[in-house]
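Below: the structure, in structure tokens.
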Amino acid sequence: MAKVATAVLDDRPVAVTGAETTVRVWDLATGKPVGDPLTGHTGGVSAVATTVLNSRPVAVIGSYDHMVRVWDLATGKQLGDPLTGHTDWVGAVAATVLEGRPVAITGSADTTVRVWDLATGKPIGDPLTGHTGWVGAVATTVLNGRPVAITGSADTTVRVWDLATGKPIGDPLTGHTSGVRTVATTVLEGQPVAVICDGNCRVRGWDLATGKPIETSLTGHTRGVRTVVTLAVATTVLNGRPVAVTDGGGATVRVLDLATGKPVGDPLTGHAGGSMLALAAAVLEGRPVAVTGGSDGTARVWDLADGADGGGEPAGGGHAGVIGAVTTGVLDGRSVVITGSADATVRVWDLDTGEPAGLRLSGHAGEVRHVAAAVVDGRLTVVSGGVDGTLRIWDLATAGRIALTGQSAQAAQSAQAGGIGEIHALDTAVVDGRPIAVSAGADKTIHRWDLATGDPLPPPPASHRRWVHALVTTTAIDGRPIAVAGTRQGSLSIRDLTTNRDIAPHPTGRHGKPIRKIAITTGTDNRPIAITSSNHPREAVKVWDLTTGLPTTELPTQGAQALAAARVHGHPVALIATGHTASVWNLTTHQQIGPTLSFPNPITALTLTPAGHLIICTDQHTTVLTTGPNSA
């Protein structure tokens, strides 16, 4: 019955805590409350979860008053009426996405599980029944490409539910000798697993694909484990090991290695005169932390890297925040992957070994949402842009060191003055023989930057400014370097990068919603092809012929949040991500290639290389898959 959850509000990590009938939001960096308390529950707060609804962070709160309420964390206002239907107190809340809709899953002392459409506040289908005791634990993941809920009950069983059908998957997971207190999910050796805690001090892992227990038993607590959270960031920060962070019911938190079942480091202690009642995980200033709430009336923040391993980030550690941008390049003859993260850093990885290929690139003051690569004077150079409104240029080949080569003073001053604002899109191109960066931001302007000097090139006239949320460069039309931009109206705009002016006539095909993602390649006839997505859950991915500026067809995928395209083994291929799944499409036949790929966490960024590498980022993890020469 966790009463702590974490979220990101205005680019700040926050904790959402529930105590008695009040919910509070806390800035994790300062320890100060954010806004006024969220009040309105007539019973004690029993469960807290966070998610995103209509692009805004929200808290979903369960209570002993049998109701569930949804709060807008930015405004502190309740959204809609309470979700009603349970006939006893709500013991657990989790959130996920089902068929493009944000949903909440709630478990109750009435022994039922319910699924709610958060946009409408209505239940989806009938209650899920089968447990014979109160349901006090709920978690979600993806199993065989389908979103599922895992529920734990006082009847000592765990059940897995197909959220699309409302039907149980397989038999209940049995073997615990006490009521199941908490359920969490993670990935172990590439397989989705559930980590289950019961009242007899036992933490147990289950392979969700087989329904079989993982033989390793997690030990270390001497009292019943009340709360567990699997912390994906610890798989890279804590020596690359997947771990569980557990509260043992006293004033102690332990970090447990999921592969070996052994504790990592010493217990984390410190709550005075009481026990911990809730536990959640977050990333604070690039470091993994646990947030605990205790019966002593306090909430504490624990640095897991220091607490569990005795100091700093280990060599070879990965990102400590969600990866939101990825690209590829060649460094010293090696293929590398470049990733940008919510931890405000950029990292470079050897594509063949998966090992870091240099130091962490730090300097941004917020989430890095865009990375692009170019060759400048024979050296691989990376451009990164983020929510802090600045572009940074990095030389990756300076005697093995990674250095900032030149962010122009003019660009920095403009960004600080609000002249550029948040970066919405970023790519690189070559114009008149010199490599440039092309960016679009909140100032409605497509900017060009000389990558050799970092200096800005002349901006476009005011009549050629517009909102742009997605942008890709190419040289495929008449040999001219161009940028293809997605507009707020749902059409494509083509910009001549030599003059920084739009090319007429403008394409007329529209999504009807703002275009958020674009990818470009060439067909077997060498005509340029674009694919676009609006991110709207009911909008299909469109395929465009850039020589005419018109859409040619739609692919049967909706709500795509990430796109990539390339010529792979001579064929034009698209890689499309929707929620937890990714699919590969032949852009000549418009048919899917191979099975849909499923991941336990939502896909945050991806790219596709001409050699056939599918690079897919989920949370803090990067997966590299390789296509065969005949797969297209």
Query raised in the report: Taking the side chain as C-beta and beyond, is there a heavy-atom pair between V322 and V8 under 4.5 Å?
Result: no
Requested in this report: Examine distances only and state if a side-chain atom of T552 and a backbone atom of V543 form a donor-acceptor pair shorter than 3.5 Å.
Outcome: yes
Report summary line: Value for CG (D427) from NE2 (H370), rounded to nearest 0.5 Å, stands at 11.0 Å
Query raised in the report: Quick one: does H464's side chain have a donor or acceptor within less than 3.5 Å of a partner on D502's backbone?
Result: yes
Query raised in the report: Any side-chain heavy atom of T588 sitting closer than 4.5 Å to one from P572?
Result: yes
**Report entry** N/O donor-acceptor pair under 3.5 Å between N54 side chain and R56 backbone
**Finding:** no
Query raised in the report: Between the main-chain N or O of T428 and the side-chain N or O of T473, is there a donor-acceptor pair closer than 3.5 Å?
Result: yes
Requested in this report: Before giving the answer on side-chain contact (heavy atoms from CB on, under 4.5 Å), spell out for T50 and T6 the whole-Å C-alpha distance, their side-chain angles and the decisive distance to 0.1 Å.
Outcome: CA-CA 7 Å; T50 57; T6 59; 5.6 Å; no
Query raised in the report: Would you say P460 and R495 make side-chain contact, with heavy atoms under 4.5 Å?
Result: yes
Requested in this report: Taking the side chain as every heavy atom from C-beta outward, state whether P461 and R501 have any pair of such atoms under 4.5 Å apart.
Outcome: yes
Query raised in the report: Does the pair V368 and S341 meet the rule for a side-chain contact (heavy atoms from CB on, under 4.5 Å), with working shown?
Result: CA-CA 5 Å; V368 178; S341 167; 5.9 Å; no
Query - Geometric class of the W449/H447 ring pair [parallel <30°, tilted 30-60°, perpendicular >60°] - result: tilted
Requested in this report: Return yes if some donor-acceptor pair links the side-chain N/O of H469 with the main-chain N/O of P514 below 3.5 Å, else return no.
Outcome: no
Report summary line: Looking only at heavy atoms, the pair that brings A452 and D450 closest together is N-OD1, 2.9 Å
Query - For T339, side chain to side chain donor-acceptor pair (under 3.5 Å) partners two or more places apart - result: H319, W349
Query raised in the report: Is a side-chain N or O of T327 found less than 3.5 angstrom from the main chain of I338, in a donor-acceptor match?
Result: no
Query raised in the report: How about I482 and T474: do any of their side-chain heavy atoms sit closer than 4.5 Å?
Result: yes
Query raised in the report: Tell me, do W585 and T557 make a side-chain contact under 4.5 Å, heavy atoms counted?
Result: yes
**Report entry** OG1-CG distance between T445 and N500, expressed to the nearest 0.5 angstrom
**Finding:** 9.0 Å
**Report entry** R392 vs L361 side-chain heavy atoms within contact, under 4.5 Å
**Finding:** no
Report task. Apply the test side-chain contact (heavy atoms from CB on, under 4.5 Å) to residues I616 and T618: give CA-CA distance (whole Å), side-chain angles for both, the deciding distance (0.1 Å), then the verdict. Result -> CA-CA 7 Å; I616 299 171; T618 57; 4.3 Å; yes
Report summary line: CD1 (I520) and OG1 (T532) are apart, to the nearest 0.5 Å, by 10.5 Å
Query - Backbone N/O of I323 and side chain of T604: donor-acceptor pair under 3.5 Å - result: yes
Report task. Apply the test side-chain contact (heavy atoms from CB on, under 4.5 Å) to residues V330 and V375: give CA-CA distance (whole Å), side-chain angles for both, the deciding distance (0.1 Å), then the verdict. Result -> CA-CA 9 Å; V330 177; V375 177; over 6 Å; no
Report summary line: Here the pair of heavy atoms bringing I603 nearest to T581 is CD1-O, 3.3 Å
Query - Pairs satisfying salt bridge (Lys or Arg N to Asp or Glu O under 4.0 Å), at least one member in residues 551-577, at least two apart - result: K542-E554
Report summary line: d(R146 CZ, T141 OG1) to nearest 0.5 Å is 14.0 Å
Requested in this report: Search all heavy atoms of A437 against all heavy atoms of L426 and return the closest pair with its distance.
Outcome: CB-CD1, 4.4 Å
Query raised in the report: Where do S583 and Q592 come nearest, in terms of heavy atoms and distance?
Result: CB-NE2, 3.7 Å
**Report entry** N/O donor-acceptor pair under 3.5 Å between N586 side chain and I593 backbone
**Finding:** no
**Report entry** Spacing of L331 atom CG and L351 atom CG [to the nearest 0.5 Å]
**Finding:** 12.5 Å
Query - Student check: side-chain heavy atoms of V468 and H424 closer than 4.5 Å - result: no
Query - Polar side-chain atom of D332 near backbone of R334 as donor-acceptor pair, under 3.5 Å - result: no
Query raised in the report: Taking the side chain from Q561 and the backbone from G579, do they hold a donor-acceptor pair closer than 3.5 Å?
Result: yes
Query raised in the report: What pair of heavy atoms forms the shortest contact from L391 to S439, and how long is it?
Result: CD1-OG, 3.8 Å
Query raised in the report: Rounded to the nearest 0.5 Å, how far apart are CG of L457 and OG1 of T498?
Result: 11.0 Å
Query raised in the report: How close do I436 and V431 get, heavy atom to heavy atom, and via which atoms?
Result: CD1-CG2, 3.5 Å
